[in-house]
Number of protein chains: 4
Amino acid sequence: MDKKAKIVQASIEVFKEKGIEKTKIADIAQKAGIAHGTFYLYFPSKLSVMPAIAEQIVLQFMNKIEATVSIEDPLQKQLNQLVDAIFQVTEEFRDVSVLIYAGLSTTAHMSQWETIYTPLYDLVASLLETNKNRQLVRETIDPAHTAKLVIGLIESAAEQVYLYAAYNVQNEANQKAELLTFLEHALRP
Amino acid sequence: MDKKAKIVQASIEVFKEKGIEKTKIADIAQKAGIAHGTFYLYFPSKLSVMPAIAEQIVLQFMNKIEATVSIEDPLQKQLNQLVDAIFQVTEEFRDVSVLIYAGLSTTAHMSQWETIYTPLYDLVASLLETNKNRQLVRETIDPAHTAKLVIGLIESAAEQVYLYAAYNVQNEANQKAELLTFLEHALRP
Amino acid sequence: MDKKAKIVQASIEVFKEKGIEKTKIADIAQKAGIAHGTFYLYFPSKLSVMPAIAEQIVLQFMNKIEATVSIEDPLQKQLNQLVDAIFQVTEEFRDVSVLIYAGLSTTAHMSQWETIYTPLYDLVASLLETNKNRQLVRETIDPAHTAKLVIGLIESAAEQVYLYAAYNVQNEANQKAELLTFLEHALRP
Amino acid sequence: MDKKAKIVQASIEVFKEKGIEKTKIADIAQKAGIAHGTFYLYFPSKLSVMPAIAEQIVLQFMNKIEATVSIEDPLQKQLNQLVDAIFQVTEEFRDVSVLIYAGLSTTAHMSQWETIYTPLYDLVASLLETNKNRQLVRETIDPAHTAKLVIGLIESAAEQVYLYAAYNVQNEANQKAELLTFLEHALRP
DNA sequence: AATGAATGAGAATTCATTCAT
DNA sequence: CATGAATGAATTCTCATTCAT
């Protein structure tokens with residue numbers, strides 16, 4: 001792992017532990033096993049690491065989706081797998097994912113958000129497109145826009161389960177079931 | 001307006017202007033027309049104002065929804081008004097709303113999120129319930145869970161339009177239209 | 001107990017608990033059961049309470065000495081009782097007595113020290129005087145100066161035992177025994 | 001001189017000038033010719049410099065004693081020189097020495113006191129031991145305990161002269177004379 | 001490229017003190 | 001006399017950033 005990757009990894013860990021506000025460059029450097037000054041050779045500031053972290057998370061989303069969602073399956077199963085993928089990654093990165101919003105929002109990095117999410121949007125849009133061609137989803141959808149709605153919907157549902165409320169197995173199951181029905185009705189022809 | 005409310009109001013304004021990171025307690029105090037020290041009589045830190053701000057925003061959501069959404073209207077119109085309400089408030093608070101995530105996430109305030117949103121969830125759940133009784137939405141929905149999904153969906157769509165991408169009128173219109181269709185299909189019987 | 005006495009008492013307790021540096025006027029006021037502002041009706045500052053506290057301690061010394069030292073006893077017994085008296089009070093006020101030095105020294109109250117100790121010096125000087133007249137102590141002593149030496153010697157010995165070292169029963173006994181022999185040799189004819 | 005020593009030296013000077021209470025970290029840093037922040041690389045707080053200062057003073061005591069007290073001299077002369085040494089150093093550090101009590105007492109540094117004084121106690125104990133072997137002091141003394149008594153006695157006498165009362169040449173001479181006679185009687189065979 | 005001691009601007013926070021009630 | 005909310009001057013302390021090695 002090169003130093004840049006080490007820094008990104010260390011940042012994720014320290015942000016998880018302490019939160020962004022309380023994290024010092026020194027903490028990141030120490031966790032990464034480098035000197036303070038070295039940090040600046042790779043990133044100009046604490047928050048500038050955020051986009052790299054966000055990319056990591058989006059990459060995780062994509063890997064998981066590509067690994068589990070099969071275009072050959074019936075719509076319901078695909079949606080099930082898509083939801084599972086996003087729920088799993090959100091759970092894994094529960095501590096950082098919200099920080100990402102913070103990190104990107106408190107600076108001028110806001111615009112990078114769209115760029116970072118684009119590959120994920122594209123991936124889901126293409127899934128929708130294919131399903132649309134196979135007439136598994138209604139003809140009236142616009143894959144690009146609907147992809148964003150679908151991802152936003154699933155992410156927010158996952159965040160409600162894993163971040164904003166005390167975790168509860170039953171609640172997770174109910175929320176997921178309701179979400180799936182909701183999605184199916186929204187998309188099916 | 002008592003001093004606590006004044007501080008909350010001033011915080012919203014200053015956060016909008018400068019962002020959280022750049023905001024000094026001194027700025028808030030000045031805007032609120034009080035001395036630095038007085039701030040600490042009401043809040044222990046900058047971030048501890050966040051939950052109060054979040055409550056304000058949720059209150060705005062509720063006021064707007066109650067003012068515009070009429071249970072007497074057909075579903076499509078109700079959804080249209082609900083979406084408009086949430087889009088409008090999100091736009092108005094575009095600069096603070098994401099910062100709220102930051103503020104609530106960096107501290108131990110996470111759990112307050114659910115509490116703060118509860119009245120809004122309840123309001124929308126009750127709307128769904130009534131429509132369900134009138135058979136305007138499908139019988140299979142669970143109003144409580146679906147309310148969360150609906151709010152999460154609309155909020156995330158609004159954030160995508162107003163926060164994460166360069167604002168674009170056409171895009172806003174398309175996203176809204178697609179969102180409405182999506183919602184109608186998801187909810188209708 | 002009037003309010004002034006209450007404040008002095010409260011100050012002693014708070015200084016014991018927190019030390020001078022960390023004690024706020026607010027702490028003293030709270031412990032005394034009065035409002036912040038009321039403190040200022042009786043004392044102009046935190047440190048100005050010090051002389052009153054010092055007077056308290058000196059009063060304790062005098063009471064104990066007067067209660068236990070009998071001029072009728074042989075010198076050895078008198079010294080024994082004098083040492084015990086000073087050791088006891090020093091132990092009781094172990095936490096404040098050093099703070100007194102601090103409190104009196106950090107301000108312009110230094111000169112009050114002599115005044116506060118004068119009655120104690122006088123008391124011991126008069127003891128020495130009487131013993132000198134009875135030829136129990138050597139004729140060459142000057143009661144006034146020797147009183148100061150005696151008190152300084154016993155106090156410093158007591159402080160070494162109770163304040164500056166980990167307390168140890170055996171050590172206390174040895175130090176006292178050595179001190180008594182030392183004093184006897186220094187004073188006897 | 002390394003930076004730590006520079007800070008200790010600067011602290012002594014500034015404390016002498018202004019007293020502890022009125023001394024700002026900034027003052028010490030400036031006198032030491034370093035930046036504010038650098039201070040914190042060496043000491044966590046203003047008071048934590050105290051033990052290092054106390055060590056300095058004890059070192060001065062020892063240097064002065066070793067330079068002036070000759071074991072070859074008769075007891076009276078040795079005591080004279082010992083008293084002079086301690087009086088001189090106490091006078092020189094009159095403004096800091098009492099502050100040291102304050103500094104060490106307000107914190108958890110109390111126990112360090114014994115450690116810091118140990119070399120001085122040992123030095124005087126060894127002087128007593130030698131004199132005892134030469135039968136210049138009475139056989140019944142315990143050098144270790146008596147060393148503490150002797151130092152405590154001389155120090156307190158010096159403090160009475162230089163710190164707690166208005167300085168007065170005649171008084172100083174009388175006190176010293178009385179002290180010497182007192183010591184001789186206490187120690188001689 | 002890497003280091004980490006030194007810097008010092010800048011902010012948070014405290015708390016003695018006031019004064020209208 | 002007593003109160004305690006409000007004040008804001010004053011200081012501590014932090015930590016991003018630099019730069020000589």
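Heavy-atom basis, side chains included; hydrogens, waters and symmetry copies ignored. Everything numeric here is computed off the predicted structure, so don't read it as measured data.
Base pairing of dA1(E): no nucleotide in any strand meets the Watson-Crick or G-U wobble criterion (both distances under 3.5 Å). Taking a pair to require two hydrogen-bonding distances under 3.5 Å in either a Watson-Crick or a G-U wobble arrangement, dG8(E) pairs with dC15(F). Nucleotide dA20(E) forms a pair with dT3(F), judged by Watson-Crick or G-U wobble geometry with both contacts under 3.5 Å.
Cation-pi contact between Lys6(A) and Tyr42(A): absent, since separation from the ring centre below 6.0 Å together with deviation from the ring axis within 45° is not met.
Side-chain atoms of Thr38(D) never come within 3.5 Å of backbone atoms of Ile34(D) as a donor-acceptor pair (strictly under, hydrogens ignored). Formation of a donor-acceptor pair under 3.5 Å by the Arg94(D) side chain with backbone atoms of Tyr162(D) is found in this model.
A side chain to side chain contact (heavy atoms under 4.5 Å, CB included) with Lys46(B) is found for exactly one of Val14(B), Asp27(B), Ile25(B), namely Ile25(B).
Toward the 5' end of DNA chain F, the nearer of the two residues Leu41(C) and Ile34(B), judged by each one's closest nucleotide, is Leu41(C). If you find the closest nucleotide of DNA chain E to Tyr42(D) and to Tyr42(A), the one lying nearer the 5' end belongs to Tyr42(A).
Set against dG4(E), dA2(F), dA6(F), the side chain of Ala35(A) has dG4(E) as its closest nucleotide. Picking from dA6(E), dA6(F), dT3(F) the nucleotide with the shortest atom distance to the side chain of Lys3(D) gives dA6(E).
Per the geometry, CD1 belonging to Ile28(B) stands 18 Å off P belonging to dG8(F), to the nearest Å. If you take NZ of Lys4(B) and P of dA6(F), they are 13 Å apart, rounded to a whole angstrom.
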How far apart are the C-alpha atoms of Phe43(B) and Met50(B), what are their side-chain angles, what is the distance that settles it, and do they pass the side-chain contact (heavy atoms from CB on, under 4.5 Å) test?
CA-CA 10 Å; Phe43(B) 294 95; Met50(B) 288 301 168; over 6 Å; no
Would Phe93(A) and Phe61(A) satisfy side-chain contact (heavy atoms from CB on, under 4.5 Å), going step by step from the backbone distance to the final call?
CA-CA 11 Å; Phe93(A) 288 89; Phe61(A) 276 132; over 6 Å; no
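Phe39(D) comes within 4.0 angstrom of nothing in the nucleic acid, heavy atoms only. Residue-level contact check: Phe43(C) touches neither bases nor backbone, having no heavy atom under 4.0 Å from any strand.
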For a quick check, with a 4.0 angstrom heavy-atom cut-off, what is the B/S/- contact string for nucleotides 12-18 of chain E, read 5' to 3'?
SBBSSBB
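A salt bridge links Glu17(C) and Lys31(C); the closest N-O separation between the charged side-chain nitrogens and carboxylate oxygens is under 4.0 Å.
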